[in-house]
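Numbering of ligands and ligand atoms starts at 1, following listing order.
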Amino acid sequence: MLKVGVLISGRGSNLQSLIAACAAPGFPAQIVCVIANKVDAKGLDHARSAHIPTLVIPHNAYKNREAFETALEAALEQHEVQLVCLAGFMRLLTQWFTERWRDRLVNIHPSLLPAFPGLHTHQKVIAYGAKLTGCTIHFVRAEMDHGPIILQVAVPVFADDNEEILAARVLQAEHKAYPAALRLIAENRVNVFEERTFITGATASSDLLFNPKA
Ligand code: GRF
């Protein structure tokens with residue numbers, strides 16, 4: 001069983017999808033702690049309902065990033081965490097931390113990276129007129145929304161979408177993608193070589209997603 005720590009800042013719907021996946025019989029990972037950098041992170045309730053230990057490490061109580069990350073590190077060590085999943089965690093992590101957790105630190109971003117990194121993703125996708133977007137699970141490097149891609153799911157963008165509608169469609173994909181990526185990692189099937197991942201025994205899908213339909 002891979003011991004997972006999940007870091008959140010807010011709503012925690014991706015956390016909830018990971019909790020649900022881990023609860024299924026035979027799932028190869030377990031969430032051993034959920035850490036929020038905000039005391040009012042709603043996602044903490046999901047963890048509490050599932051009887052998962054929670055911790056709040058408020059970043060603004062520390063004098064700098066290093067001090068904050070040292071506290072984070074101590075908590076992860078205390079729970080013997082082997083893999084860290086960022087799930088709507090809204091703090092940039094320093095190179096010290098991302099290197100300490102190199103290839104053991106995963107993030108979910110609501111676009112097909114490297115397109116549309118950063119905040120206000122869906123707004124940028126709509127403004128650009130992209131016809132497809134999606135979500136990406138990747139190993140974390142110090143540069144924001146950057147690092148070897150583990151898994152992506154494509155989602156169509158429709159002409160009358162607004163930010164909210166598109167976000168909801170992508171979120172549905174996120175809730176399938178994150179548990180699937182976690183399973184691959186926990187089954188030791190994800191290997192990083194020269195900053196690309198190679199997945200053992202993966203069935204490559206050759207389905208084409210046209211939008212608009214050609
Ligand atoms: C998700 O869209 C995720 O991709 C992004 O932040 C959002 C978090 O949502 N990094 P939730 O807190 O998991 O509901």
- Message: Please check if the number of heavy atoms outside Y128 that lie under 6.0 Å from its OH is greater than 12.
- Response: no
- Query: Side-chain contact, heavy-atom cut-off 4.5 Å: L55 with Q78?
  - Reply: no
- R11: numbered ligand 1 atoms lying under 4.0 Å from its heavy atoms: 9 (O), 11 (P), 12 (O), 14 (O)
- Note on the structure: Closest to atom 6 (O) of ligand 1 among protein heavy atoms sits G88 CA, 3.7 Å
- Task: Would you mind checking which non-hydrogen protein atom is closest to atom 10 (N) of ligand 1, with the distance to 0.1 Å?
- Result: I108 O, 3.1 Å
- Item | Nearest non-hydrogen protein atom, atom 12 (O) of ligand 1 | G12 N, 2.8 Å
- Message: A side-chain contact here means heavy atoms from C-beta on lying under 4.5 Å apart; do F97 and V140 qualify?
- Response: no
- Item | Protein contact to atom 11 (P) of ligand 1 [nearest heavy atom, distance to 0.1 Å] | S13 N, 3.4 Å
- Specify whether H59 and F68 have parallel, tilted or perpendicular ring planes, treating 30° as the upper limit for parallel and 60° as the lower limit for perpendicular. perpendicular
- Query: Salt-bridged, E69 to R65, with N to O below 4.0 Å?
  - Reply: no
- Task: List the steps and the verdict of side chain to side chain contact (heavy atoms under 4.5 Å, CB included) for I199 and V190.
- Result: CA-CA 5 Å; I199 317 289; V190 183; 3.9 Å; yes
- Message: In this structure, does ligand 1 have an atom that sits under 4.0 Å from one of the heavy atoms of G43?
- Response: no
- Note on the structure: Of all protein heavy atoms, the one nearest atom 3 (C) of ligand 1 is E174 OE1, 3.1 Å
